[in-house]
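Take a look at the structure below.
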Amino acid sequence: GKVAAVKPFLALITDSAGVLNLDWYLNKMKMAGDTAEKDKNRIFINQVKIDSGRFDIVNYLKPESKTRLDLNNLHLSGISCILEDFETGSDTTSFAIYDLGFIDSSGFIVRRMTSDVKISRNSVLFTSAFVSCDSSILNIDHAGISTETTYQDFFNDVRLDVLLDRSLVYLSDLQYFAPFTEGISESLWVSGKVTGTVSELRGRNVDLSWKDHTTLNCDFDFSGLPE
């Protein structure tokens, strides 16, 4: 079947007691039974079209972020996209997303994103992804985020596993995540593998090209980001 959602709004809020509203609802909805019974609750939708949606993440336990884009205080608007082959089971949701666009309250823009997506309880995996931001163009073989605890402390608890094909990165987009790039109007061609948490980030087989004649092939280990 097909589903159309016009101006939908979803808010994930962690209150002062550390309870995420989504977890509370899911716990209330859990059904007793064995795995075979849970498999009967699988849902498949051929296409979901979202127009002019909004999505918020608010965590009242976290202090104000030092980055322009605050991952604990997200306010996305103008969300439009098409989801195809949407399937959800007892512990995994998968779909293909096309023409996703949105803007965050900080000013960060995604003009167009296409990817295959797989979501489980402790991980999210994007494969064969294309992302066009305000200026940057990213070609991503895969990008995974996972945690053994929760997503509440994104910089320290969430692990990244990203393989980036040759992509054009403008520092004007990167400044929303890395304050030290603010005010620098340059662009780089980048490819390579990045793993670890944001606060302890590792890059391997990273190729950087700047302008016409400057290239760098390197590994790196960054500690203490995003400061």
Side-chain angles (χ1 to χ4, degrees), residues 57 64-79 81 97-117 123-147 151 153-227:
I57 295 179
E64 184 177 351
S65 174
K66 296 178 181 179
T67 61
R68 291 179 62 179
L69 191 148
D70 187 351
L71 296 174
N72 289 304
N73 192 30
L74 279 177
H75 299 279
L76 307 183
S77 61
I79 301 172
C81 66
I97 188 167
Y98 298 97
D99 298 329
L100 170 65
F102 61 81
I103 183 170
D104 179 64
S105 58
S106 65
F108 178 73
I109 297 174
V110 169
R111 298 192 182 280
R112 179 171 173 261
M113 175 178 171
T114 299
S115 179
D116 293 326
V117 184
S123 66
V124 180
L125 177 63
F126 301 90
T127 54
S128 303
F130 170 85
V131 184
S132 175
C133 301
D134 189 24
S135 301
S136 302
I137 298 175
L138 307 180
N139 299 296
I140 303 170
D141 179 89
H142 68 260
I145 60 175
S146 61
T147 178
Y151 290 96
D153 190 348
F154 188 91
F155 293 123
N156 294 296
D157 291 339
V158 177
R159 301 189 63 82
L160 307 176
D161 181 3
V162 180
L163 181 59
L164 189 67
D165 294 330
R166 194 167 189 263
S167 301
L168 182 61
V169 177
Y170 277 78
L171 299 188
S172 57
D173 289 325
L174 193 59
Q175 67 183 348
Y176 289 94
F177 306 90
F180 62 85
T181 64
E182 192 164 351
I184 304 176
S185 300
E186 295 289 351
S187 62
L188 301 168
W189 287 97
V190 183
S191 64
K193 185 175 180 63
V194 177
T195 59
T197 63
V198 173
S199 59
E200 298 292 337
L201 203 61
R202 296 183 297 276
R204 297 294 181 265
N205 297 319
V206 177
D207 285 317
L208 305 173
S209 300
W210 178 58
K211 295 188 175 179
D212 294 331
H213 304 292
T214 303
T215 61
L216 175 66
N217 178 270
C218 67
D219 297 336
F220 66 76
D221 293 89
F222 288 153
S223 182
L225 291 176
E227 298 181 9

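All residue numbers refer to positions in the sequence shown, counting from 1. Only heavy atoms go into these numbers, but all of them, side chains included; no hydrogens, no water, no symmetry mates.
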(request) Find out whether Val110 and Phe102 are in side-chain contact, i.e. whether some heavy atom of one side chain is under 4.5 Å from a heavy atom of the other. (result) yes
(request) Tell me, please, which residues at least two apart from Asp104 pass side-chain contact (heavy atoms from CB on, under 4.5 Å). (result) Leu69, Leu74, Leu76, Ser106, Phe108
(message) Considering only residues two or more places apart or on different chains, which pairs with a residue in residues 173-186 satisfy side chain to side chain donor-acceptor pair (under 3.5 Å)?
(response) Ser136-Asp173, Glu186-Trp210
(request) List for me each residue that meets side-chain hydrogen bond (donor to acceptor under 3.5 Å, both in side chains) alongside Asp70, sequence neighbours excluded, and say none if there are none. (result) none
(request) Return the minimal non-hydrogen interatomic distance between Ile79 and Leu100, and the atom names on each side. (result) CG2-CD1, 4.0 Å
(request) Return the set of residues passing salt bridge (Lys or Arg N to Asp or Glu O under 4.0 Å) with Arg202 (not counting sequence neighbours), or none when no residue passes. (result) none
(request) Apply ring-ring contact (aromatic ring centres under 6.0 Å, His included) to Phe220 and list each qualifying residue two or more places apart in sequence or on a separate chain. (result) Phe222
(request) Please answer whether the main-chain N or O of Asn205 pairs with a side-chain N or O of Asp219 as donor and acceptor at a distance below 3.5 Å. (result) yes
(message) Among residues at least two apart in sequence or on other chains, which ones pass salt bridge (Lys or Arg N to Asp or Glu O under 4.0 Å) with Asp134?
(response) Arg111
(request) Report the residues that fulfil side-chain contact (heavy atoms from CB on, under 4.5 Å) with Arg112, sequence neighbours left out, ordered by chain and then residue number. (result) Asp99, Thr114, Phe130, Ser132
Please table the atom pairs, donor to acceptor, closer than 3.5 Å between any side-chain atom in residues 163-172 and protein atoms at least two apart or in another chain.
unit_1: Ser167; atom_1: OG; unit_2: Asn139; atom_2: N; d: 2.8
unit_1: Ser167; atom_1: OG; unit_2: Asn139; atom_2: O; d: 3.4
unit_1: Ser167; atom_1: OG; unit_2: Asp165; atom_2: O; d: 2.7

(request) Please list all pairs passing the salt bridge (charged side-chain N to carboxylate O under 4.0 Å, His left out) test where one or both residues lie in residues 204-218, with sequence neighbours left out. (result) Arg204-Asp221
(request) Report the distance from atom CG of Asp141 to atom OG of Ser128, rounding to the nearest 0.5 Å. (result) 6.5 Å
(message) For Ser115, give me all partners under side-chain contact (heavy atoms from CB on, under 4.5 Å), at least two apart in sequence or on another chain.
(response) Ile97, Met113, Val117, Phe126, Ala129
(message) So, using salt bridge (Lys or Arg N to Asp or Glu O under 4.0 Å) as the criterion, who are the partners of Asp161 when residues are at least two apart?
(response) Lys193
